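Have a look at the structure below, then the notes.
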Amino acid sequence: MKVLVTVKRVPDPETTIRVKSDGSGIETDNIKYVINPFDEIALEEALRIKEKLGAGEVVLVSIGDSVVTEQLRTGLAMGADRAILVGCDQDLDSLAVARILAKIVEDEGPQLVLMGKQAIDDDANQAGQMLAALLGWPQATFASEVVLSDDQQAVKVTREVDGGLETIGFALPGIITSDLRLNEPRYASLPGIMKARKKEIKEVAAADLDADMSPRLTINSLEPPTQKEAGKKVETVEELIGLLHDEAKVI
Amino acid sequence: MLGFQPDDEQQLIRDTVAEFAREQLRPLAHEADESGVFPTSVAQQAWELGLVQGTIPEAYGGVGAESSAVTGSLICEELAWGDLSLALHILSPQLVTYPVIMLGTHEQKAQILSGYIGPHFTAGTAAVMEPRFGFDLNELTTTAAQHNGEFVLNGTKCFVPLAAEAAHLLVYARGDNGIAAFLLPQDTPELTIGEREKNMGLKAVATYELRLDNCRIPASSQLQGDIQPVFNRSRVALSAMAVGVARAAYEYAREYAKERRAFGTAIAQKQAIAFMLAEMAMEIDAARLLVWEAAWKIDTGADATREACLAKNYAATMVLKVTDNAVQILGGHGYIRDHPVERWLRNGRGFATFEGLAMI
């Protein structure tokens with residue numbers, strides 16, 4: 001079974017993000033980059049599927065300039081078999097990303113595409129859904145459990161939805177996006193890092209894919225969230241309820 | 001000619017180990033220190049990182065990854081940043097595997113290394129130190145006398161980590177031609193493992209006294225060749241760990257000083273504290289550069305005894321100064337066991353005694 005996993009390069013959630021003074025973006029000096037944590041979870045799930053079946057191929061795909069190779073190497077060190085880097089140096093919105101991925105899927109023909117539910121940089125949460133629509137494939141977003149059928153022709157996915165869990169099933173090929181509780185990704189191992197050296201990273205130019213990358217979304221400006229003000233101390237429960245009702249207007 | 005940028009693979013190894021140290025070692029460190037019990041599951045988790053198996057040559061069932069001392073020092077710094085006790089336990093197999101990889105005969109490699117490539121954590125250990133005043137690595141009192149094609153070992157060793165569970169022990173002793181190392185299975189007769197020692201720091205690492213009483217071992221147990229490169233490698237690894245402990249203390253004290261307010265400003269804004277923090281940062285970087293230079297020289301294959309000794313001496317003094325300053329910056333809080341800095345001070349104190357005094 002061939003599984004395609006998408007990998008986005010994002011700032012390390014451990015680093016402090018600072019917005020540029022002119023609001024045009026974030027300060028990128030001294031920022032460490034990692035694989036989007038949700039993509040890492042998707043990759044872990046793909047590796048577990050392959051290990052359970054004892055056969056198959058896990059292919060990574062990322063879009064960006066050559067620095068993205070770092071994240072692809074990390075994914076290969078975790079155990080993916082090979083990687084595709086779609087070379088592109090322009091900013092892309094979710095639809096453009098989905099259109100590029102659709103071309104890669106057509107070319108690779110995976111039975112399953114595993115993606116993070118969203119990237120932690122822009123939190124768009126759209127590429128997976130858009131890709132499913134473009135391909136006309138079934139989708140299961142916010143997955144917290146994935147069970148492959150014995151004949152490998154279908155999956156059952158438990159989704160984290162408002163108010164509980166929902167289990168849906170569909171025939172493959174399809175798209176699954178991972179939620180936080182799907183699994184705990186493994187660490188790359190020293191032997192894995194050494195083996196990754198020999199694994200292939202195929203480079204494809206985005207411009208050669210004949211995908212419509214024209215932007216539909218422009219970012220006008222970014223601003224940091226307002227500083228949280230110090231809380232208020234109240235003497236009585238009545239006073240608290242009064243404030244929640246009159247001032248905060250939440251009850 | 002000069003460059004301090006790790007290559008892509010070294011960077012990935014360092015990032016992975018740093019993440020492991022932050023997510024797995026740090027949260028366990030306090031409890032392990034308080035209880036004196038090593039959390040065994042973390043040894044298995046660390047084993048799966050393949051730090052030990054990865055350096056064993058392919059011919060002996062390993063992965064044959066490079067065993068660069070520079071990469072090793074990056075790993076040691078990050079693990080020790082997480083916790084020194086846990087790091088020493090996790091890396092204990094290398095006390096056996098590295099010397100065997102470096103000096104072992106084909107038979108020794110085949111026999112010993114095969115024990116360290118399995119799916120489960122396997123402890124190893126080395127018996128270096130001796131319980132006497134003025135211990136000197138080059139003047140061991142444990143002796144190895146040749147007798148009828150055998151060696152007869154006599155002496156007492158101390159601070160032998162994990163001796164009770166190690167599959168193999170590497171015992172350093174004085175033979176006819178100077179200091180040599182001997183491989184002993186743990187169940188060797190006339191080898192007595194004493195009570196677990198009670199140490200000032202490193203409370204989660206079980207260390208033992210060891211007695212060798214006319215302990216007879218076959219001649220083939222000796223590692224052949226110059227033992228100095230093994231010591232140098234170990235000095236560099238320990239120094240890198242000292243850098244890791246010091247960095248942990250420095251970062252904690254720095255963040256504390258930015259938060260803690262006195263007289264209307266953060267104490268980090270006070271010159272007395274700011275100068276202290278700057279001094280700590282300088283000392284750590286200086287020690288790291290000595291470590292990296294020694295490691296680099298080891299990797300060139302040249303004799304690195306001088307550089308390794310300089311690094312060890314400097315790092316052992318540095319870690320004490322930096323961790324002590326960290327305790328000072330936290331003020332009264334630094335002395336309380338709820339904050340980790342006093343643990344780093346206690347653990348860091350050990351570097352001046354491990355494998356011989358700081359000045360050796």
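In this text the structure is predicted, and so the values were computed from the model without any measurement.
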Review point. Which bit of A:Ala188 is near chain B, if near means a heavy-atom gap under 4.5 Å: side chain, backbone, both or neither?
Key: both
Revision key, fill the gap. Pair count under 4.5 Å, heavy atoms only, with chain A: among B:Val17, B:Val63, B:Leu12, B:Leu51, highest is B:Leu12
Practice item. Can you check whether anything in residues 18-26 of chain B gets within less than 4.5 Å of chain A, heavy-atom wise, and list it by number? Key: B:Glu19, B:Phe20, B:Arg22, B:Glu23, B:Gln24
Exercise for review: Please say whether more than 12 non-hydrogen atoms of neighbouring residues, nucleotides or ligands are located less than 6.0 Å from CG in A:Asp22.
Suggested key: yes
Check your understanding: Looking only at heavy atoms, what is the nearest atom pair of B:Gly54 and A:Pro191, with distance?
Key -> CA-CG, 4.2 Å
Practice item. Please tell me if the side chains of A:Arg197 and B:Asp8 come closer than 4.5 Å, counting only heavy atoms from C-beta onward. Key: no
Practice item. Count the heavy atoms of every other residue, nucleotide or ligand shown that sit under 6.0 Å from CG of B:Leu289, and state whether that count exceeds 12. Key: yes
Review point. For A:Asp65, does the CG atom have more than 12 heavy-atom neighbours from other residues, nucleotides or ligands under 6.0 Å away?
Key: yes
Check your understanding: Nearest 0.5 Å, what's the NZ-CD distance between A:Lys32 and B:Gln11?
Key -> 7.5 Å
Study note, to complete from the structure: In terms of heavy-atom pairs under 4.5 Å with chain B, the winner among A:Thr74, A:Thr69, A:Asp12, A:Val34 is A:Thr74
Point to revise | Side chain proximity check, A:Leu190 to B:Ile13, heavy atoms < 4.5 angstrom | key: yes
Point to revise | A:Asp123, CG atom: more than 12 neighbouring heavy atoms under 6.0 Å | key: yes
Point to revise | OH on A:Tyr187 to CG on B:Leu49, rounded to 0.5 Å | key: 8.0 Å
Exercise for review: Please look at A:Glu14 and chain B and tell me whether the side chain, the backbone, both or neither of the residue comes under 4.5 angstrom of a heavy atom of that chain.
Suggested key: side chain
Review point. Any chance NZ of A:Lys156 has more than 12 other-residue heavy atoms, nucleotides or ligands included, within less than 6.0 Å?
Key: no
